[in-house]
Amino acid sequence: MSANTDQSPRRRRRRKAEQRDRDRALVPVAVAEKVGIPVAALASAMRAAEVHEPLTVTAAVSWIRDPESAPEWFAALRSERLARAEAECQCLAGRELAAEQSALAKLQSGGRFTDEELLHVQDWAWRAAKDLVRDGPEGIPTAEEQQVLWAVGVDAADHSTWPVHAGGCDGAGRQHCLVRIEQIRAQR
């Protein structure tokens with residue numbers, strides 16, 4: 001290898017470190033953490049607005065409390081970040097809803113679940129299993145709950161497959177959850 005290619009990554013690292021130091025001189029890390037915007041983004045916006053004075057925590061907090069007093073560059077950057085965060089939240093909510101609907105459809109059709117869908121199915125199964133412990137094998141009221149339990153390998157009629165058991169029930173012995181629940185209720 002030539003000397004030029006050996007120094008190129010070093011130069012890039014050095015330039016990057018120098019840029020990071022310049023950014024931190026303009027925007028201390030404490031300020032960026034308080035505002036919730038990365039140092040580099042704040043420093044870039046400040047340079048674009050030709051602001052050369054270091055940003056202080058006091059100034060940033062006062063701008064957050066009173067957006068009318070904030071300079072235009074700060075208000076624009078903050079509103080952009082807030083809009084992006086809101087869009088990500090809505091996108092996440094949409095994905096969650098889609099995964100839930102897809103899990104429901106696959107549960108009814110017998111399809112395989114993605115990881116996100118499986119989380120919903122497991123959550124539904126956990127709720128159904130808690131009802132099963134409380135009410136016993138005859139207490140499963142709906143076919144949907146039965147499907148959910150089957151999807152995660154729980155047979156309502158086979159007590160040893162239940163993922164949840166009442167306190168004092170080992171899941172395999174003669175002491176059944178329903179018996180244990182009745183004993184607990186009688187002690188109250």
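- Between Leu119 and Phe113, the closest side-chain pair of non-hydrogen atoms is not below 4.5 Å.
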For Val35 and Ile64: C-alpha separation, side-chain torsions, deciding distance, then whether side chain to side chain contact (heavy atoms under 4.5 Å, CB included) applies.
CA-CA 8 Å; Val35 173; Ile64 290 171; 4.2 Å; yes
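- The shortest heavy-atom contact between Pro38 and Arg81 is CD-NH1, 3.7 Å.
- By the 4.5 Å heavy-atom criterion applied to side chains, Val61 and Arg65 are counted as neighbours.
- Between Val121 and Ala103, the closest heavy-atom pair is CG2-CB, 4.0 Å.
- Distance check: Leu55 CG to Lys34 NZ gives 13.0 Å after rounding to the nearest 0.5 Å.
- Note that OG of Ser44 is 10.0 Å distant from CG of Leu26, once rounded to the nearest 0.5 Å.
- Ionic pairing of Arg47 and Asp23 is present here: one or more N-O contacts between side-chain nitrogen and carboxylate oxygen are shorter than 4.0 angstrom.
- Asp131 approaches Glu145 most closely through the heavy-atom pair OD2-OE2, 3.5 Å.
- At a threshold of 4.5 Å between non-hydrogen side-chain atoms, the residues His52 and Met46 do not count as touching.
- Contact annotation: the side chain of Val152 never approaches that of Trp126 to less than 4.5 Å [non-hydrogen atoms, C-beta and beyond].
- Residues Gln108 and Gln147 share a closest heavy-atom pair of CA-NE2, 3.8 Å.
- The main-chain N or O of Asp66 is found under 3.5 Å from a side-chain atom of Ser69 such that the two form a donor-acceptor pair.
- For Glu80 and Arg84, the salt-bridge test passes: some basic side-chain N is under 4.0 Å from an acidic carboxylate O.
- With rounding to the nearest 0.5 Å, the separation of CG in Leu77 from CD in Glu72 is 12.0 Å.
- Between the side chain of Ser109 and the backbone N or O of Ala105, at least one donor-acceptor pair lies under 3.5 Å.
- Looking at residues two or more places apart in sequence or on another chain, you find a ring pair (Phe, Tyr, Trp, His ring centres under 6.0 Å) between Trp63 and Trp73, Phe74.
- A salt bridge is defined here as a Lys NZ or Arg NE, NH1 or NH2 lying under 4.0 Å from an Asp or Glu carboxylate O, and Asp123 with Arg127 meets this definition.
- Counting only heavy atoms from C-beta outward, the side chains of Leu82 and Arg78 approach each other to under 4.5 Å.
- For the pair Ala32 and Val39, the tightest heavy-atom approach, listed with the atom from each and the gap, is CB-CG2, 3.5 Å.
- Counting non-hydrogen atoms of neighbouring residues, nucleotides and ligands closer than 6.0 angstrom, the NZ atom of Lys106 exceeds 12 such neighbours.
- The minimum heavy-atom distance linking Thr56 with Val31 is given by the pair C-CG2, 3.7 Å.
- Checking side-chain atoms of Ser79 against main-chain N and O of Ala75 turns up a donor-acceptor pair under 3.5 Å.
- Residue His120 holds its NE2 atom at 8.5 Å from OG1 of Thr114, rounded to the nearest 0.5 Å.
- With contacts defined as side-chain heavy-atom distances shorter than 4.5 Å, the pair Pro28/Arg24 does not qualify.
- Two residues are said to be in side-chain contact when any heavy atoms from C-beta on lie closer than 4.5 Å; Trp124 and Glu100 meet this criterion.
- Under a hydrophobic clustering in which Ile, Leu, Val, Met, Phe, Trp and Tyr are joined whenever their side-chain heavy atoms come within less than 4.5 Å, directly or via other members, Leu42 and Val57 fall into the same cluster.
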